[in-house]
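Proteins get letters first, then strands, A, B, ... in listed order; numbering begins at 1 in each.
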4 protein chains.
Amino acid sequence: LADNEVLVAVTIDVDADSILAGQGARLSSLSRTSEAQFGVRRGLGRLTRILSEREIPATFFVPGFVADEYRSALGDIADGGHEIGHHGYFHKDCSALPIEEQRVEFEKGMEALARTFSVYPSGYRAPFFELTPATLECMTNAGLEYDSSCMGDEEPYFEGANGLSILELPVHWILDDGVYYAWNSYGSGVRGSAALWDAWLGEYQAVRTEGGFINLVLHPQWSGRRQASATLSRLLDHLYAADNVRFMTLHNVAAQFRLSADHRQLLATVTEE
Amino acid sequence: LADNEVLVAVTIDVDADSILAGQGARLSSLSRTSEAQFGVRRGLGRLTRILSEREIPATFFVPGFVADEYRSALGDIADGGHEIGHHGYFHKDCSALPIEEQRVEFEKGMEALARTFSVYPSGYRAPFFELTPATLECMTNAGLEYDSSCMGDEEPYFEGANGLSILELPVHWILDDGVYYAWNSYGSGVRGSAALWDAWLGEYQAVRTEGGFINLVLHPQWSGRRQASATLSRLLDHLYAADNVRFMTLHNVAAQFRLSADHRQLLATVTEE
Amino acid sequence: LADNEVLVAVTIDVDADSILAGQGARLSSLSRTSEAQFGVRRGLGRLTRILSEREIPATFFVPGFVADEYRSALGDIADGGHEIGHHGYFHKDCSALPIEEQRVEFEKGMEALARTFSVYPSGYRAPFFELTPATLECMTNAGLEYDSSCMGDEEPYFEGANGLSILELPVHWILDDGVYYAWNSYGSGVRGSAALWDAWLGEYQAVRTEGGFINLVLHPQWSGRRQASATLSRLLDHLYAADNVRFMTLHNVAAQFRLSADHRQLLATVTEE
Amino acid sequence: LADNEVLVAVTIDVDADSILAGQGARLSSLSRTSEAQFGVRRGLGRLTRILSEREIPATFFVPGFVADEYRSALGDIADGGHEIGHHGYFHKDCSALPIEEQRVEFEKGMEALARTFSVYPSGYRAPFFELTPATLECMTNAGLEYDSSCMGDEEPYFEGANGLSILELPVHWILDDGVYYAWNSYGSGVRGSAALWDAWLGEYQAVRTEGGFINLVLHPQWSGRRQASATLSRLLDHLYAADNVRFMTLHNVAAQFRLSADHRQLLATVTEE
């Protein structure tokens with residue numbers, strides 16, 4: 001990437017109640033379902049407004065079920081110059097599924113994004129950050145340009161398995177809002193906005209001198225809540241005020257990376273292997 | 001709601017040892033039972049005193065078992081101008097019960113509130129925040145005015161299932177004292193008063209300019225302890241000193257909401273669906 | 001208790017590796033066993049030195065196995081004017097045992113304290129804070145004066161079951177060092193000294209005006225470690241410097257309580273019941 | 001150890017994806033595997049650079065699988081004057097294995113270190129800090145000089161079982177970066193750099209007057225990340241600036257200890273037993 005430039009990708013996983021829907025459990029607990037639906041009912045609008053006020057482009061990973069079910073609520077995404085990415089259909093953990101079902105999840109997700117957004121996505125994020133070799137194969141077969149689910153480096157790199165590889169725009173738990181806000185089955189206790197602020201700011205401080213890539217992972221049902229969104233706004237303002245920060249969709253990070261010397265060097269390494 | 005007004009509902013779930021009683025386990029561990037009983041033995045009196053000193057009305061959700069068992073300890077509630085709400089009978093997780101048992105929990109809870117308080121409640125809070133469609137049906141059949149167990153928005157909205165709907169006065173984990181103070185089976189570690197203070201203050205700061213609804217969820221066995229109650233007092237004083245804060249029972253929040261333009265608009269949406 | 005006096009009991013559960021010994025698992029993992037043994041190898045001496053430097057009397061709850069196994073390491077306790085209390089034999093969770101085995105735990109613990117310390121204890125603390133009715137019966141049969149395992153109030157009260165009752169000198173998780181320092185099976189993550197300091201100081205601040213009882217629960221394998229013991233020293237110095245703080249063994253708290261008006265009033269309540 | 005000297009050992013467990021490899025699960029989730037591989041792909045180089053900039057020698061515990069698999073990535077270790085220690089082959093929890101398999105883990109680890117580094121290690125660290133009597137026997141048979149997996153004291157001591165003993169250079173969870181940064185199966189939630197900084201600094205403050213041994217336990221996949229490594233650098237600079245701090249490999253701590261009066265005294269105790 002360019003000298004000492006900090007590329008910040010705001011990525012938003014619009015999960016809504018896709019997990020519960022995939023389990024046929026939307027009516028088991030209206031409370032749990034409603035918490036998940038908060039994302040599309042309220043959180044998404046708040047996040048897109050925060051982004052548009054600052055003219056920050058973002059990447060939205062939308063499970064196929066959410067695209068099918070909440071078509072109208074998603075209008076802001078498509079209209080706002082943002083990128084739409086692939087995030088499975090029912091947000092299933094593919095590492096626990098037979099290969100055939102993994103493929104179905106991938107295909108149904110592609111079809112739903114086409115149906116709702118008329119989009120052929122250039123990137124994929126594995127639900128629960130659980131990328132499998134079978135899904136990687138689906139991705140390369142479909143010609144996707146990048147994955148954003150792995151943690152093998154902080155800068156873009158090539159992730160691979162079974163002789164296939166893909167450009168990886170890496171993530172990490174420490175920058176995922178769910179680690180700080182989720183309660184119950186998925187989370188390990190509410191740590192709150194102050195802890196997330198420390199992690200976000202700490203990451204920026206670690207790269208601001210030499211530059212680097214920062215991949216923020218947000219969820220409308222968490223970062224879209226009132227006090228969480230205030231913390232997010234504060235972060236974006238802080239980054240926006242910096243000289244060397246550029247906000248980019250993952251699609252554009254991938255494109256810029258393909259033009260860079262780093263890319264040619266990395267590609268040589270991969271080819272050798 | 002009114003322009004830039006912050007409506008704060010102090011809601012108190014008086015669970016005592018209803019969960020252990022429902023499991024026939026009050027004598028399994030006197031320590032666990034006593035911790036739960038702290039709520040009615042000491043915490044409730046402390047909370048009602050804090051409220052009455054500041055003339056703040058609150059909503060107490062009382063499981064039927066607690067109404068039956070601790071009748072005398074609950075006197076302060078009925079006398080203090082507070083609201084009594086429905087909170088099941090044995091504080092059971094209805095999402096894990098057969099429908100018939102869910103109905104029994106609801107009916108027995110209604111009967112106990114009538115017996116002890118001569119009250120026909122206007123609202124319900126699902127134990128463990130686990131509202132089910134069957135309980136929603138009980139609520140609408142019984143003519144209850146609101147539910148306060150779901151998380152689909154931060155402002156009042158209509159929650160529904162199977163063609164039924166009810167006014168929802170929403171809650172969220174981040175404002176529930178149990179998330180910060182509970183140990184053992186239900187909790188994820190004691191985070192303490194400083195973390196709860198951050199969450200409470202953060203929520204107020206997020207709404208103080210534009211106004212909004214804040215639903216504080218307290219439990220006498222946690223917020224009624226000495227150092228926790230000091231944090232609560234500090235919060236109430238802080239809110240009390242603000243120009244635009246009004247404390248209200250949930251019953252009155254529901255009533256005010258029904259008079260508002262927001263309500264007419266929301267109702268139209270629901271009817272369309 | 002006396003007007004606005006703060007009675008602080010420093011209580012120390014000398015568990016060592018009694019739990020692993022009771023499971024026949026001392027050789028399963030030398031690491032886990034050694035962590036538990038730290039208490040008698042290093043932590044206990046450090047704690048008794050901290051106490052003797054400040055002439056603070058404490059109550060040591062010693063499982064019978066520890067009294068039998070680490071007789072020489074325990075010399076400092078008996079010599080220092082401290083109290084020895086009953087803490088089971090193998091530190092078993094009695095709420096999960098058949099009644100007969102609960103009685104064996106109690107009797108073997110009594111015998112070991114007699115053997116090692118020539119002591120007939122006046123108080124009992126249930127391992128894991130899991131007091132059962134059967135153990136309560138053992139206690140009252142043995143004529144013990146108090147229990148210190150329950151959480152039904154913050155001030156001394158009478159805890160009971162099945163028509164039996166005992167003076168309770170209550171505890172709470174929030175003042176237990178294990179909640180902040182324990183890792184693995186028993187704990188929920190290391191929260192560290194700053195969080196424990198907040199809890200300890202918060203408790204004192206909550207009672208310093210009106211007075212009250214504070215029951216600190218320490219373990220040599222946690223509070224006896226270097227940085228934890230520094231936090232403990234800081235707390236004791238802070239309390240020592242206060243006008244209205246008195247350090248007392250639980251035995252003496254019980255004795256003072258029996259002389260007080262509160263006691264006569266509470267006893268009348270219990271008798272009525 | 002010498003008067004009021006603080007001996008700091010920086011120890012680095014280079015686990016990479018040895019655990020997943022041992023389970024045959026490297027392809028189950030590319031995300032989990034890549035997070036573990038971050039250690040050798042990026043973290044290790046960052047840590048060795050931080051060390052070499054400050055001329056701090058460290059001890060690297062390398063599982064045999066990692067030595068075999070990532071031979072070229074490990075060059076910096078061997079070249080930098082650091083120590084290589086034994087860390088099993090597949091980073092298995094020996095406390096859950098049959099004795100014969102424990103021995104295989106030990107032998108295969110020895111062979112791999114010989115193959116890759118031409119090293120006969122002088123010390124061992126048990127994977128997951130789970131040292132067993134069978135592994136202790138392997139160690140003494142192989143003539144290893146020290147273990148660094150137990151927690152029975154803070155200063156060097158002799159750990160033993162079944163009549164065998166070894167010099168222990170103890171560790172503790174509170175100084176292990178995994179406790180603060182690990183997510184998922186092994187961890188209990190991301191607590192972050194501020195909490196780890198408190199623990200590290202608190203440990204130094206506790207010994208800086210009287211001196212003592214501090215054993216820092218790092219993992220390249222955690223402390224080698226950007227913001228974590230900034231916290232580590234800050235700590236090392238802080239310690240480096242102190243008059244009485246010396247950084248040493250564990251091998252040299254053991255050697256210095258064998259020359260000391262403490263050692264002769266401890267050895268006498270062990271022999272008596």
Intermediate values then yes/no, side-chain contact (heavy atoms from CB on, under 4.5 Å), His172(C) and Phe38(B): CA-CA 11 Å; His172(C) 195 251; Phe38(B) 180 93; over 6 Å; no

Derivation of the salt bridge (Lys or Arg N to Asp or Glu O under 4.0 Å) call for Arg226(B) and Glu210(C): CA-CA 11 Å; Arg226(B) 291 191 294 217; Glu210(C) 301 191 8; over 6 Å; no

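Tyr204(C) does not touch chain B: none of its heavy atoms, backbone or side chain, sits under 4.5 Å away. For chain B, no part of Asp93(C) is nearby; none of its heavy atoms comes within less than 4.5 Å. Within the 4.5 angstrom heavy-atom criterion, only side-chain atoms of Glu159(C), from C-beta onward, approach chain B. Arg225(B) touches chain C through backbone and side chain together, each having a heavy atom under 4.5 Å away.
Between the Gln227(B) side chain and the Ala199(C) main chain, a donor and an acceptor come within less than 3.5 Å of each other. Judged by distance alone, the side chain of Ser29(B) and the main-chain N or O of Ser95(C) form no donor-acceptor pair under 3.5 Å.
Using a 4.5 Å heavy-atom threshold, the side chains of Tyr157(C) and Ser34(B) count as touching. You'll find the side chain of Met151(C) stays beyond 4.5 Å of the side chain of Gln37(B), heavy atoms only.
Ion pairing between a basic and an acidic side chain is recognised when a charged N comes within 4.0 Å of a carboxylate O; Arg32(B) and Glu130(C) show such pairing. The residues Glu154(C) and Arg41(B) are annotated as not salt-bridged, no charged nitrogen and carboxylate oxygen being separated by less than 4.0 angstrom.
Considering only heavy-atom pairs separated by less than 4.5 Å from chain C, the leading option among Ala195(B), Ser28(B), Ala25(B), Ala230(B) is Ser28(B).
Shown here for Leu30(B) and Ala161(C), the closest heavy-atom pair between the two residues is CD2-CB, 3.8 Å.
The number of heavy-atom neighbours closer than 6.0 Å to CD of Glu55(B), taken from other residues, nucleotides and ligands shown, is 12 or below.
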